[in-house]
Asker: 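Quick one: structure below, then a few questions.
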Amino acid sequence: MAELPNSIEARDARAHLHPYTNARTVQEQGPIVMERGKGIHVWDTSGKEYIEAMAGLWSVGVGFSEERLVKAALEQMQKLPYYHTFAMRSHGPAVELAEMLVSIAPVPMSKAFFTNSGSEANDTVVKMVWYRANAMGTPQKKKIISRIKGYHGVTVASASMTGLPYNHMSFDLPIAGILHTGSPHYWREAAEGESEEDFSARRAAELEEMILAEGPDTVAAFIGEPVMGAGGVIVPPKGYWAAIQAVLKKYDILLIADEVICGLGRTGNLWGSQTYDMQPDILTTSKQLSSSYMPISAVLVNEKVFEPLADESNRIGTFGHGFTAGGHPVAAAVAVENLKIIEERDLVGNVRAVGPKFQARLEAFLDHPIVGEKRGVGLIGALELVLDKDAKTAMEKPGQLGGIAAKHMLEEGVISRNMGDAVAFCPPMIINEGQVDDLMDRVERVLDKTAAEAGV
Ligand SMILES: Cc1ncc(COP(=O)(O)O)c(C=O)c1O
């Protein structure tokens, strides 16, 4: 922690309770305080430059300080800084964004509903699924199946769908009616000699067993990220989504694609659902939707979901759900401009062009003594750090090796994210090949330093 009692770090530690942080560590050490960003870089208050290799939180797709987004926000702020969309009201940016989302959706979608975060979007989905079940006269068909290691947010229902221990521990979660099936992490969980296809088939069979045990008439939906993000960048093994979808179809279970990270280009297609041939009934998007310049998220629903929901709202008199800032005009205007930038600058094309180099440089680290697995697709990837490659184990304390790497990343001017002993990268989609080399050269030094510190 900086010595001065009035340093920004000390003031932060006194007044600010941080999300996803050890509250005691902040008190002892103070945070890193960021001051500005440009392109793929950010600078902290000491003037140190970093490559933001996580695009913030998997989100700043068009890079930092994009003037067009600033201008879009300012113009909307001046024209109509706030309006809501409750009770038969609307405004231009919400209409334009809804139209755009419906038109670019990976499968035919009927409507967009606006929320402010990924968590709110997924929480909204849970309520929509319940509401629809009641509307259809099948009130018992409400359970939702999620996956171990899946990440869907932190509000009560979305945290329940999240399949990570620290989102449940001491929060008394998950709530009833949310179930978790096995993760698609082939490297970690496949049996000896099991092929990717066989592992996928086994996961699908386990899902079917769970549905049958619960009773198919009680299971309404299955939620999954096309590629798991916060669970450690887990790319589905071959045949995974085809096998899972076949089971869902058999029992008339809705598929919810959580595209909060994968959406809008990250995997080399506009949607992760396209990369993995998923046909969701419901899709949630956020983060790269506005490049996180403004908080906004959306739930897209198909006719199968919209029609009963509309009937039920007609029966009751209203769809009794919505947020004051849902579809906020400034956030929506920024998202519209952001989508235009993604299209005009062909950032999906850039992910396809630069992604192979990004993946190849990560892959090459498999030769490094502390890299056990490389995962990734498009411009998202991770390295799983181990000390024993055969046993797939790291240090005694889970996450300790990842923590050492994280410290060296900062020294080398790289912001990555360590999830346990996996180190994730998800740079802005504007990154070029030279910048990928700069990033990976730094990562190489980090791996060497981490290995040395771990005694390898
Ligand atoms: C796949 C996924 N879904 C949902 C969320 C929750 O989004 P938010 O943090 O905006 O609530 C996240 C956040 O990282 C995410 O990665």
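Ligands are counted one by one from 1 in listed order, and the atoms in each one are counted from 1 as well. Not measured: the values here are computed from a predicted model. Along the sequence shown, residues carry numbers from 1.
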Asker: With rounding to the nearest 0.5 Å, note down the distance linking CZ in Arg132 to NZ in Lys141.
Answerer: 9.0 Å
Asker: Decide if the gap between the ring center of Tyr82 and the ring center of His328 is smaller than 6.0 angstrom.
Answerer: yes
Asker: Using the six-membered ring wherever Trp is involved, compare the ring planes of His321 and Phe323 and label them parallel, tilted or perpendicular (cut-offs 30° and 60°).
Answerer: perpendicular
Asker: What about the rings of His168 and His180, do their centers lie closer together than 6.0 Å?
Answerer: yes
Asker: Kindly indicate whether a cation-pi arrangement holds for Lys111 with Phe306, taking the cut-offs as under 6.0 Å to the six-membered ring centre and within 45° of the axis.
Answerer: yes
Asker: Between the side chains of Tyr50 and Glu412, is a donor N or O closer than 3.5 angstrom to an acceptor N or O?
Answerer: no
Asker: So which protein residues pack against ligand 1 under 4.0 Å, heavy atoms counted?
Answerer: Ser117, Gly118, Ser119, Asn122, Tyr151, His152, Gly153, Glu225, Asp258, Val260, Ile261, Lys287
